[in-house]
There are 2 protein chains.
Amino acid sequence: KIKQIALYGKGGIGKSTISSHLAVALTRLGKNVLLVGCDPKSDSVINLLNGIIPKTVLDVVSQQKCISPSTVDDVIKKGYGGVWCCEAGGPEPGVGCAGRGIIIAIESLQDQDIFKKYNIDIVIYDVPGDVVCGGFAMPIRKGLAQEVYIITSHEFSALYAANNIIKGIRRFADAGGGLLSGIISNSRGKEGKPHIIDNFANAWGTKIVATIPWDSDLPGAELHGKTLFQMHPLSPTLNEFMNLGKKIISPTYPVSPTPLDYKDMYVMFKKL
Amino acid sequence: KIKQIALYGKGGIGKSTISSHLAVALTRLGKNVLLVGCDPKSDSVINLLNGIIPKTVLDVVSQQKCISPSTVDDVIKKGYGGVWCCEAGGPEPGVGCAGRGIIIAIESLQDQDIFKKYNIDIVIYDVPGDVVCGGFAMPIRKGLAQEVYIITSHEFSALYAANNIIKGIRRFADAGGGLLSGIISNSRGKEGKPHIIDNFANAWGTKIVATIPWDSDLPGAELHGKTLFQMHPLSPTLNEFMNLGKKIISPTYPVSPTPLDYKDMYVMFKKL
Ligand SMILES: Nc1ncnc2c1ncn2[C@@H]1O[C@H](COP(=O)(O)OP(=O)(O)O)[C@@H](O)[C@H]1O
Ligand SMILES: Nc1ncnc2c1ncn2[C@@H]1O[C@H](COP(=O)(O)OP(=O)(O)O)[C@@H](O)[C@H]1O
Ligand code: SF4
Ligand SMILES: [Mg+2]
Ligand SMILES: [Mg+2]
């Protein structure tokens, strides 16, 4: 059975970085992985394709009205480590719904039976969590992603976004929506205050499943359109991704989490 | 003629901080100011109301179907410095369109002729720029805001969001939409690289109109539900807000800016 997971978090928190490295880690653990970038920035798979952004699903659909068996190869590209890479794309700002690319991409992937065609074991959706509506809510709402991992730092705006994502998960949990498997801590080194994230994870009814350390080699590799696997294969940071990959392919127990009230979050944050 | 300005920027960039301090600065310059928080977080005016979040327009409308002359006092509260404070509110995550609160709030304010009733000189809309669609695009699209100020740091995700907002402005510029008056630099001290923002401002056809320094007294005052005006009245940081206020009430020349291609942004950012 195909495992589908979604990585959510506020913009700039490290979703692309973490999902691309996790995707490679999972291939090293023997899995056939499809990474679907759902950020209208379309920059989730660029570091697996040597700095190249592939044609997005929305691009092809806008031009040709649909993805056909002949055009699917335009949008699913084999990247570093054998990861299959795809970008949903997004509409122009001010036009329609920002999440529209995700809706169209996901429907196209399903229509074309992509997972079967490419023999996919694991699908990773990289999804912005700044707003949890329209297409951005789709991977959770429809339970396309059975499991959600939320990336956060100790900053209030990131925790607030995480709480919003959790509200979304809670809302659809009983209707077959994706459940929460854990929190990925990525404070990017800024005055790391790990106890803050710990406390919030607890309050949400979940736990931290990985802590990615600050590593300037990450943006460094990004400038070359590559991952740490290529640029610094001995980096200890890679162990975090390998360990997260191992957890993901082991039995996991996602939960229907408990969102917090804004007031309680604010009070709790001030105390920590 | 009432001046309406919108402060846009990605989540967490400093919109609430800057708009609330700017609002007070403008009252000190003799203006009657209405600050309308359009962030579903509803935390734009909390520091002008001693840490209290007022009833949001969306709350009242959901309960009572509309804002009436008798309920308008529930949603327009007089805050510190005499600033009139209002929160649009937002729907629950996963339900409908995240910007819905803005659409409803703005329509209600217009229906009730609020600006006239409260003798408003200047309206400030504090609007998230993570997605420029639905209600979030409304202040620009309808030219409700004649002028837009974009807050950014030197980080790529903030510049990308700024570029998206600029795409939105460009799209509606010829149809009477809001134009761009300038960039507010708020790098929050993180390895301040001012030349990065300068270069992007130039490329966009605009300029930096204010630079807010890193000041730990800002989050410090926020923890007390207050602004720097109350907690540190002699702080030099306040001069930045006063100067920005003076610029805003002087003749301004907003422009239809030039958005950049993602590729060009990426290349430019790497070089800087
Ligand atoms: N642990 C980390 N250490 C150092 N830099 C990081 C780390 N995680 C992410 N970054 C950098 O932060 C920036 C934003 O990360 P990105 O993955 O693009 O965020 P998102 O996809 O959530 O918008 C990138 O430049 C990335 O290299
Ligand atoms: N110049 C600054 N120096 C220090 N802290 C800042 C500065 N600007 C903003 N902050 C802090 O950053 C956090 C996010 O700012 P906020 O105004 O809430 O962002 P937004 O409204 O854009 O989401 C707040 O805790 C705020 O106090
Ligand atoms: S549903 Fe969300 S993404 Fe779609 S238009 Fe509304 S705010 Fe934008
Ligand atoms: Mg990304
Ligand atoms: Mg805010």
Side-chain angles (χ1 to χ4, degrees), chain A residues 10-14 16 39-43 46 51-53 90-100 128-134 136-138 140-141 153 155-158 160-161 163-172 177 188 190 219 222-225 259 262-263 266-267 269-270, chain B residues 10-14 16 39-43 46 51-53 90-100 128-134 136-138 140-141 153 155-158 160-161 163-172 177 188 190 219 222-225 259 262-263 265-266 269-270:
Chain A
K10 71 167 280 172
I13 200 67
S16 305
D39 195 320
K41 266 199 269 169
S42 298
D43 65 350
I46 189 173
I52 299 184
I53 297 177
E92 282 304 300
V95 182
C97 180
R100 186 164 161 266
D130 304 289
V131 293
V132 188
C133 53
F136 299 114
M138 191 184 181
I140 296 172
R141 190 174 70 245
S153 70
E155 294 158 305
F156 190 76
S157 51
Y160 181 89
N163 194 63
N164 259 7
I165 296 156
I166 284 170
K167 282 188 179 182
I169 293 171
R170 180 68 168 224
R171 173 170 292 275
F172 303 118
R188 298 190 285 157
K190 301 171 201 162
E222 187 180 67
L223 284 176
H224 290 92
Y262 181 91
K263 267 213 164 101
Y266 192 62
V267 167
F269 188 79
K270 277 163 76 163
Chain B
K10 72 167 279 172
I13 200 67
S16 304
D39 194 320
K41 263 200 271 170
S42 299
D43 65 352
I46 189 173
I52 300 185
I53 298 177
E92 281 305 299
V95 183
C97 179
R100 186 166 163 265
D130 304 290
V131 293
V132 188
C133 52
F136 299 114
M138 191 184 182
I140 297 172
R141 190 175 70 244
S153 70
E155 293 159 306
F156 190 77
S157 51
Y160 181 89
N163 194 63
N164 259 7
I165 297 156
I166 284 170
K167 281 187 179 181
I169 294 172
R170 181 67 166 227
R171 173 170 292 275
F172 302 119
R188 297 190 284 158
K190 299 170 201 164
E222 188 180 69
L223 284 176
H224 290 92
Y262 180 92
K263 267 213 164 99
M265 287 193 70
Y266 192 62
F269 187 79
K270 277 165 75 163

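The number of heavy atoms from other shown groups lying within 6.0 Å of CZ (B:R141) is above 12. Counted within 6.0 Å of CZ on B:R100, heavy atoms from surrounding residues, nucleotides or ligands total 12 or fewer; the atom is thus considered open.
Ranked by heavy-atom pairs under 4.5 Å with chain A, the list B:A137, B:P93, B:G94 is led by B:P93. For the set A:Y160, A:F156, A:Y262, the entry with the most heavy-atom pairs within less than 4.5 Å of chain B is A:Y160. Contact count against chain B (heavy-atom pairs under 4.5 Å) is highest for A:C133 among A:P91, A:C133, A:C97.
Separation of atoms OG (A:S157) and CD1 (A:I13) is listed at 7.5 Å; rounding is to 0.5 Å. Atoms CD and CZ, from A:E155 and A:F269 in turn, are 8.0 Å apart once rounded to the nearest 0.5 Å. The CD atom of B:E92 lies 6.0 Å from the CZ atom of A:R171; values are rounded to the nearest 0.5 Å.
Of the atoms belonging to A:I53, it is side-chain heavy atoms, and not backbone ones, that fall under 4.5 Å from chain B. B:K263 does not touch chain A: none of its heavy atoms, backbone or side chain, sits under 4.5 Å away. With a threshold of 4.5 angstrom between heavy atoms, A:F136 approaches chain B through side-chain atoms but not through N, CA, C or O. For a residue to count as touching a neighbouring chain, one of its non-hydrogen atoms must lie under 4.5 Å from one of that chain's; by this rule B:I169 does not touch chain A. Of the two parts of B:I46, only the side chain, counted from C-beta on, holds a non-hydrogen atom closer than 4.5 Å to a non-hydrogen atom of chain A. Both the backbone and the side chain of B:N164 come within contact range of chain A, judged by heavy atoms closer than 4.5 Å. Only the side chain of B:K10 comes within contact range of chain A, judged by heavy atoms closer than 4.5 Å.
A distance-only check finds a donor-acceptor pair linking the side chain of A:D130 to the backbone of A:G11 [under 3.5 Å].
Every residue meeting the side chain to side chain donor-acceptor pair (under 3.5 Å) condition with B:N163, not counting sequence neighbours, appears here in chain and number order: B:W204.
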